[in-house]
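Just so it is clear, the structure is predicted and the values come from calculations on it, not from any experiment. When a residue number appears, it is its place in the shown sequence, counting from 1. Only this structure's heavy atoms are used, side chains among them; waters, hydrogens and symmetry mates stay out.
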Amino acid sequence: MFCALSSWQPLLSFATQRGHTGTIIAGRGAAVRGDSRSAAQRMSGNKSKDYTRRVVIIGHGPVGHILLEHLVEGTEVPLELTVICEEPHLAYNRVAMTSYFQHRSASELAMCSAEWLVEKNVQVIFARATQIQRSSRRVTYEGPLVRGEIEYDELVLATGSSPFVPNVSGLTTDRAPGIFLYRTIEDMEAILARAQQKGVRKAAVIGGGLLGLEAAKALLDLQMKVTVLEAAPTLMSAQLDMTGAELLRKRLMKIGLDIETQVNLQEVLSNASGVRFIRLEKEGQESFLEVDLLIISCGIRPRDELARQCQLELGTRGGVKVDGCLRSSDPHIYAVGEVASYESGMVYGLWKPGSEQAEVLAGTLGSPSAGLRYHGSDLSTKLKLLGVNVASFGANAEFWQHRIFDCQDGQANWCVRSVLEGNKYRKLVFRRLPSGGRKLVGGILVESVEDYQSLCDVARCGRELWGLETVVMTHGPRANPGQIEDMVYPRDFPAPVLDMAAMPAVRVVLVGYGPVGHVLLQNLVEQRERRMAITVLCEEPHLAYNRVAMTSYFQHRSVCELAMCSPDWLQEKNIQVIFARATSIKRSHKQVTYEGPSGSGEVGYDELVLATGSAPFVPPVPGLASTAGVFLYRTIEDMDAIIARAGSARGTTRRAAVVGGGLLGLEAAKALLDLGLETHVFESAPHLMPSQLDSVAGELLKKQIESLGCVVHVNVQLQEVLSEDSSGEICAARYLENESEWTLDLELLVVSCGIRPRDELARGCDLDLGERGGVKVDDFLRSSDPHIYAVGEVASHEGGMVYGLWKPGSEQAEVLASTLGSPSAGLRYHGSDLSTKLKLMGVNVASFGESAAFWHGKTYQVLHDDEKPCICVRSVLEEGCYRKLIFKRMPGGSRKLLGGILVNSTDDYHALCDVSRCGKELWGLEPMVLVEGPRVVPGRLEQSFPQARL
């Protein structure tokens, strides 16, 4: 439907009065918006800041408008924004559509005004886009009063979706009066007009999902007799299990709704006056339902006709296939909202996913340095349906895609706890962890939704739960001690787990037995769906040990203190270990060749996992790789060699140095100090820990470390490592510091300059690699060979990201164990943040963020407001403590915590991590309270209020 002159004339008049005659485009004749650049420049895709980039958005629904709100808040790249709006209204709130039956005012639903568009210099064309010409980057459009073409640099498809109409005889909205969709303001007006006709009293809604029940509520309010027809066995089958749905059904029938489930529509019968009967089939019996008004609410289908016409790649269930930047197969075309198909064809039909996609796409288009990526959305929702409070929540979309909310206790490693009391129902699903803890993955709440938001936060943050926590959560905030005791000591026990002895064993070979490899094994042996025969190829002479606690080895000097498992545990779990190095992979034969001290051979596999980790990076400095007395800081053997060298140091200096001022380098410096050596740290960056800290925190850390006797050199370029002519032993290091050349006598040098993935096996068998090395993997940790996987520091996920921290590897291991052992769970890896908290030489340091983009985009280094668009920075520095929190200004006036840096003030680290990961919007004084920390006094907070521009 296109706008009539009366619909857009007020907008055009307002724009003209303000001197923006081009802001609202509406007129007769053809129009082509041109570009002063040459064709070569235009097609080159150059994204410099020298010219304004033309962004055309097709569709001005709720998600399209949220995208606009983000884009006009400020961008790194100048943008010229144009919207092609097919409906005769500017964006309005479809979530509140049912309220239209009360107020009957389009302005009550409006999300923006013509004034706002003019103020923000957003141009609007009221027309329908008819064609995309990718080769010339033009969009053709046509409306009742305007037609033409418009050129673009970047094109966004925000065309949304259209209602799905089942293929049932007579079920059509364009032939018989009285049959309606439930999508637009025009639909609402038509339904109202029909309901007010004389004799129209009986109505039916086809579809028992969220929108169908909303429609039923609207018809009840119009004093009609309403029947809901649902093909599935239950209402809201995409969100509720059988128990929750049955409880909802009973409550809705009490207030006057007729509900029929497991119904097959055979035919819709109409006459000249409109719809009259629906012929139904249920359980083999045919019947007729008399109706005067019929609403179709059977789900949606993405409006991807433009994408099909210009041959963009589509998802498996339709929609424009997009990556984590919301980019389509054409690098200059994007999709957002219900037309976007992300991650194996997932098309979201809810408000929140579209809003999250819009925020990421705004970053992609306007602030690319922020490095935002979309990792999918959960489908959590809380609503009041005809007076019944219903909520469904989960950690991510897999909770619904794989119907984990339907699982029973003991099934696929799930731990399920539920309470049904009167008209209240609570069901929480936890994942059993090898450590003995539990992780909340989601749940269902009916008439007990007070703690919905806190449960959402716990599920999204992935916090481990222990002891009675799971029981208390299940019963909710109003539980009494007796209820909790009944659950701790249940009368009924879960059904026995399926006996897998008769199943054929899947041969899983794990190459590498470091910490992440062991976490993978711990998770694998807990899986319930597949029987596995596991073989491990372990290159080191030790079983898995804790590298995170490596520095403690200098105190206890015991391998057992670091060990993560024992031979007894491996034997108990029937895991075979071969102490050898894998030398090649024969993909065609599914075999791995190995060599070790005890012999060589081959082992066959059905599924192969590469957990080979990484190797230390050694800079190409003369003498650094070949001089005796230079050590790496990676293995137990490295520690033993450093201890031996320090013990034999008898020179006059007893001086050592560490190349690298990152996390591991400072750990090494602490170890050398404890060995009684004068210790120096060389860091090439302007401050310590440049990958985690800003310049203020780095300088504060430097001062506190130097107070302990360690000498720190920053902005250093190591020139050469010098050795004794006779012995070849290290004697000094020559370096540049502040453009001056220095020589430092040394007896020991430790190299800690980062890591490189050990991907030589993958290179040897032609697996796809990441941009910066490592085995390229998808969200299931699967490589380009469907039977080979990678995990930990050798895995390159999403744009070439190789993680070098414990937590990401552990999270990957959990997902991969599910992929191999419990595939029905459908777990996917969505990336990890790089948050870390540690004590470095007596200094408490923490860096946290909502996602890896906080570090990739260098957002943590921002010191002042608006160094990056929409960024708000608040910091406190006093008495050796530093707190800096970075917020994003949201279009509605709220703030979202992106991350921060804490030095010697880390008490609330975990709480701040949770706030940032959950994406909670902050209002009023909340940001300032977070910045000041948990020990702030009211007077101090008042003092900071006038200065805070929040």
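- For the atom pair CD (E73) and OG (S367), the distance works out to 11.0 Å, reported to the nearest 0.5 Å.
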Residue pair Y545, E540: steps toward the side-chain hydrogen bond (donor to acceptor under 3.5 Å, both in side chains) verdict: CA-CA 10 Å; Y545 56 90; E540 289 195 55; 2.6 Å; yes
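- For the 3.5 Å distance criterion, the side chains of Y909 and N844 fail to qualify, holding no donor opposite an acceptor.
- At least one test fails for R895 against the ring of F887: distance under 6.0 Å to the centre or angle within 45° of the axis.
- A side-chain donor from one of E637 and H542 sits under 3.5 Å from a side-chain acceptor of the other.
- Residues H687 and S695 share a closest heavy-atom pair of CD2-CA, 3.5 Å.
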For residues 661-673, please give each side-chain donor-acceptor pair under 3.5 Å, one per line with the distance, not counting sequence neighbours.
from: E667; atom 1: OE1; to: T551; atom 2: OG1; distance (Å): 2.6
from: K670; atom 1: NZ; to: D674; atom 2: OD1; distance (Å): 3.4
from: K670; atom 1: NZ; to: D674; atom 2: OD2; distance (Å): 2.6

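- Q704 and N904 share a side-chain donor-acceptor pair at under 3.5 Å.
- Side-chain contact check for E737 and H713: at least one donor-acceptor pair (N or O, by modelled atom type) lies under 3.5 Å.
- Taking 4.0 Å as the cut-off between side-chain N and carboxylate O, R438 and E469 do not count as a salt-bridged pair.
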Steps toward side-chain hydrogen bond (donor to acceptor under 3.5 Å, both in side chains) verdict (H797, Y829): CA-CA 9 Å; H797 178 257; Y829 180 63; 5.5 Å; no
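- In plain terms, the two heavy atoms of R634 and P616 that are nearest each other are CB-CG, 3.9 Å.
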Run the side-chain donor-acceptor check on residues 879-886: report pairs under 3.5 Å with partners two or more places apart or on a different chain.
from: Y882; atom 1: OH; to: D694; atom 2: OD2; distance (Å): 2.7
from: R883; atom 1: NE; to: V931; atom 2: O; distance (Å): 2.7
from: R883; atom 1: NH1; to: S905; atom 2: O; distance (Å): 3.2
from: R883; atom 1: NH1; to: S905; atom 2: OG; distance (Å): 3.1
from: R883; atom 1: NH1; to: D908; atom 2: OD1; distance (Å): 3.1
from: R883; atom 1: NH2; to: D908; atom 2: OD2; distance (Å): 2.8
from: R883; atom 1: NH2; to: L930; atom 2: O; distance (Å): 2.7
from: K884; atom 1: NZ; to: D694; atom 2: OD2; distance (Å): 2.7
from: K884; atom 1: NZ; to: Y860; atom 2: O; distance (Å): 2.6
from: K884; atom 1: NZ; to: V862; atom 2: O; distance (Å): 2.6

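- Just one residue in the list E359, E921, E850, E926 forms a salt bridge (Lys or Arg N to Asp or Glu O under 4.0 Å) with K896, and that residue is E359.
- Looking at E683 and K702, no side-chain N of the basic residue comes within less than 4.0 Å of a carboxylate O on the acidic one, giving no salt bridge.
- Across G436 and W466, no two heavy atoms sit closer than the pair C-CZ3, 3.7 Å.
- The pair D865-R874 meets the salt-bridge criterion, since a charged nitrogen lies less than 4.0 angstrom from a carboxylate oxygen.
- What you find for H864 and V873 is that their closest heavy atoms are O-CG2, 3.7 Å.
- In summary, E720 and R734 engage in a salt bridge, as defined by a charged side-chain N under 4.0 Å from a carboxylate O.
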L718 vs V659, side chain to side chain contact (heavy atoms under 4.5 Å, CB included): CA-CA, chis, key distance, verdict: CA-CA 8 Å; L718 190 62; V659 182; 4.0 Å; yes
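- Of the inter-residue distances, the one linking I642 atom CD1 with L677 atom CG reads 10.5 Å to the nearest 0.5 angstrom.
- Between the side chains of T635 and R547, no donor-acceptor pair of N or O atoms lies under 3.5 Å.
- Using a 4.0 Å cut-off between a side-chain N of Lys or Arg and a carboxylate O of Asp or Glu, R460 and D378 qualify as a salt bridge.
- Neither side chain, W806 nor T836, offers a donor N or O lying under 3.5 Å from an acceptor on the other.
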Intermediate values then yes/no, side chain to side chain contact (heavy atoms under 4.5 Å, CB included), S835 and S847: CA-CA 5 Å; S835 300; S847 176; over 6 Å; no
